[in-house]
Amino acid sequence: MNEQEGEFVMLYREFGQTGWKVSAIGLGTWNIGNQWGEIDDTTAFATVRSAFDNGVNLFDCAESYGIPQGLSEQRLGVALTGIRHQVHLVSKIGHWGNRTGEHIPKNTVDNIRLCAHASLYRLRTDWIDALLCHEGDIEDPTIYLEAFEVLKQQGNIRAYGISTNNFEVLKRFNVNNTCSVVELEYSLLNRDAESQILPYCQEHGIGVLVRGPLAKGLLSGKYSADTVFTDSVRAKWHKKESKQLKLQNKFATLEDLKKTLTPGEEMVKAALRFVTSHPIQPVAIPGAKSPEQATINAKAGDRVLSAEERNNLLLSLERQIEERETAMVGADYAS
């Protein structure tokens with residue numbers, strides 16, 4: 001706990017072996033690029049600055065984020081004017097053009113350098129603290145490793161890593177023990193990373209960024225099974241029966257969670273603290289579309305859950321799920 005008479009104080013922690021002191025809560029900036037619904041430049045700027053004013057010093061982006069592509073980086077670069085030296089900037093390359101059928105192949109060192117230099121331009125900076133490979137299922141990362149080493153030697157990046165949920169991909173990327181950062185999905189609704197990736201990162205001193213700590217907004221508790229998402233990111237959940245079924249299962253778990261946590265700020269903070277209280281001390285990077293959302297998210301960074309609190313939260317959720325499933329079996333039997 002890091003509180004002073006009720007005053008909010010952000011926690012800062014060592015980030016892998018980078019030597020950086022980073023905030024427990026960062027800001028993911030996918031959401032400020034209009035893919036999650038349109039927002040204007042002023043709101044995007046205010047959202048970033050609200051996070052910074054509340055202690056956030058790590059900002060995550062990607063070359064492909066935004067409509068048009070690159071808009072998130074552009075807006076983030078503007079918002080960081082005057083404070084760039086006070087923050088850590090992470091971006092990702094590998095998906096440019098995927099949505100529009102104009103994919104730029106990352107098959108040469110120069111192609112990757114070109115994309116990195118374009119990100120530097122959009123972000124209005126001379127360096128990126130950590131540049132990540134955005135191809136989470138890549139079979140052979142050799143070309144990325146070569147290019148990232150060149151970019152590091154030239155002073156364009158300080159460290160590099162990969163965004164992936166695949167353990168085998170991570171091991172291939174870290175073949176030379178040069179992977180400094182991994183970005184992965186982890187939340188109360190998806191704990192897959194606990195089995196292999198998180199222990200591996202802890203063993204190898206790799207800094208962990210957690211995307212989706214609020215399960216793309218579901219862990220705000222404000223949505224229900226009747227919700228139909230219309231933004232370009234979550235609308236995809238309704239287009240395939242398999243994805244729709246997975247979404248309904250998540251909503252069922254959310255209803256269980258609501259018996260323990262009040263939807264809104266309480267649920268958001270508990271979900272983020274669940275992530276940041278993992279022993280590896282990851283940085284959660286929830287997105288936000290308004291200064292108010294950014295502030296609530298940041299204020300979850302004032303403390304972590306104790307081992308007892310974390311365990312009790314999981315036990316409560318597991319008990320609610322078990323009771324629901326038992327009731328469903330009983331109903332099926334009675335019918």
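Treat the numbers as computed from the prediction; the structure is a model and nothing was measured. Just so it is clear, the values below take in all heavy atoms, side chains as well, and ignore hydrogens, waters and symmetry mates.
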(message) With rounding to the nearest 0.5 angstrom, report the CZ to CD1 distance, Phe59 to Ile83.
(response) 6.0 Å
(request) Output the distance between atom CG (Leu80) and atom OG1 (Thr29), rounded to the nearest 0.5 Å. (result) 9.0 Å
(request) Give, for atom CZ of Arg273 and atom CG of Leu313, the distance between the pair rounded to the nearest 0.5 Å. (result) 12.0 Å
(message) I'd like to know if Ile321 and Leu257 are part of one continuous hydrophobic network [Ile/Leu/Val/Met/Phe/Trp/Tyr, side-chain heavy atoms within less than 4.5 Å].
(response) yes
(message) Is the ring pair Phe229/Phe251 parallel, tilted or perpendicular, if the boundaries are 30 and 60 degrees?
(response) parallel
(request) Grab the two heavy atoms, one from Gly33 and one from Leu71, that are nearest each other, plus how far apart they are. (result) O-CD2, 3.7 Å
(message) Under a plain distance cut-off of 3.5 Å, with no hydrogens placed, do Thr100 and Glu102 share a side-chain donor-acceptor pair?
(response) yes
(request) Specify the closest pair of heavy atoms between Ile197 and Asn165, including all atoms of both residues, with the distance to one decimal. (result) CD1-O, 3.3 Å
(message) So Asn107 and Asn111, do their side chains get closer than 4.5 Å, heavy atoms only?
(response) yes
(request) Identify whether the distance between the nearest side-chain nitrogen and carboxylate oxygen of Glu14 and Lys21 falls below 4.0 Å. (result) yes
(message) I'd like to know if the side chain of Asp40 pairs up with that of Thr43 as donor and acceptor (distance under 3.5 Å, no hydrogens or angles considered).
(response) yes
(message) Through direct or indirect side-chain contacts below 4.5 angstrom among Ile, Leu, Val, Met, Phe, Trp and Tyr, which residues connect to Ile67?
(response) none
(request) Could you list the residues that satisfy side-chain contact (heavy atoms from CB on, under 4.5 Å) with Asn98, not counting sequence neighbours? (result) His95, His103
(message) Could you list the cluster mates of Leu132? Members are the ILVMFWY residues connected by side-chain heavy atoms closer than 4.5 Å, either directly or through other members.
(response) Phe15, Trp20, Val22, Leu58, Val90, Val181, Leu209, Val283, Ile285
(message) So if I apply the side-chain contact (heavy atoms from CB on, under 4.5 Å) rule between Pro213 and each of Leu188, Val275, Ile25, Asn190, which one comes out positive?
(response) Val275
(request) Test salt bridge (Lys or Arg N to Asp or Glu O under 4.0 Å) on Lys152 and Glu149 and set out the steps. (result) CA-CA 5 Å; Lys152 188 175 179 181; Glu149 279 295 327; 5.2 Å; no
(request) Check whether NZ of the Lys or CZ of the Arg Arg75 lies under 6.0 Å from the centre of the six-membered ring of Phe45 and within 45 degrees of that ring's axis. (result) no
(request) With sequence neighbours left out, write down each residue that passes side-chain contact (heavy atoms from CB on, under 4.5 Å) with Asn177, or none if nothing qualifies. (result) Asn174, His204
(message) Check this for me, if you would: do Lys92 and Glu183 make a salt bridge, where the nitrogen-to-carboxylate-oxygen distance has to be below 4.0 angstrom?
(response) yes
(message) Between Ser232 and Gln35 (side chain of the first, backbone of the second, donor and acceptor by atom type, cut-off under 3.5 Å), is there such a pair?
(response) yes
(message) Name the residue from Glu73, His134, Arg122 that meets the side chain to side chain donor-acceptor pair (under 3.5 Å) definition with Ser91.
(response) Glu73
(request) For the pair Lys258 and Glu255, find out whether any cationic side-chain nitrogen is under 4.0 Å from an anionic carboxylate oxygen. (result) yes
(request) Report the hydrophobic cluster partners of Tyr65, with the cluster defined as I, L, V, M, F, W, Y residues connected by side-chain heavy atoms closer than 4.5 angstrom, directly or transitively. (result) Trp30, Trp36, Val233
(message) Let me confirm one number: the CG-OG distance from Asp256 to Ser316, rounded to the nearest 0.5 Å.
(response) 9.5 Å
(request) Taking all non-hydrogen atoms of both residues into account, name the closest pair between Ile128 and Ser119 and its distance. (result) CD1-CB, 4.1 Å
(request) Considering only NZ, NE, NH1 and NH2 on the basic side and carboxylate oxygens on the acidic side, decide whether Arg319 and Glu322 come within less than 4.0 Å. (result) no
(message) Checking side-chain polar atoms at under 3.5 Å, does Asp140 have a donor or acceptor matched by the opposite partner on Thr142?
(response) yes
(request) To the nearest 0.5 angstrom, please state how far the CD1 atom of Ile93 sits from the SG atom of Cys133. (result) 7.5 Å
(request) Can you tell me which residue pairs pass the ring pair (Phe, Tyr, Trp, His ring centres under 6.0 Å) test with a partner in residues 286-315, sequence neighbours excluded? (result) none
(request) For the residue pair Leu254 and Tyr223, establish whether any side-chain heavy-atom pair is separated by less than 4.5 Å. (result) no
(message) Using a strict threshold of under 4.0 Å (side-chain N to carboxylate O), is an ion pair present between Glu309 and Arg303?
(response) yes
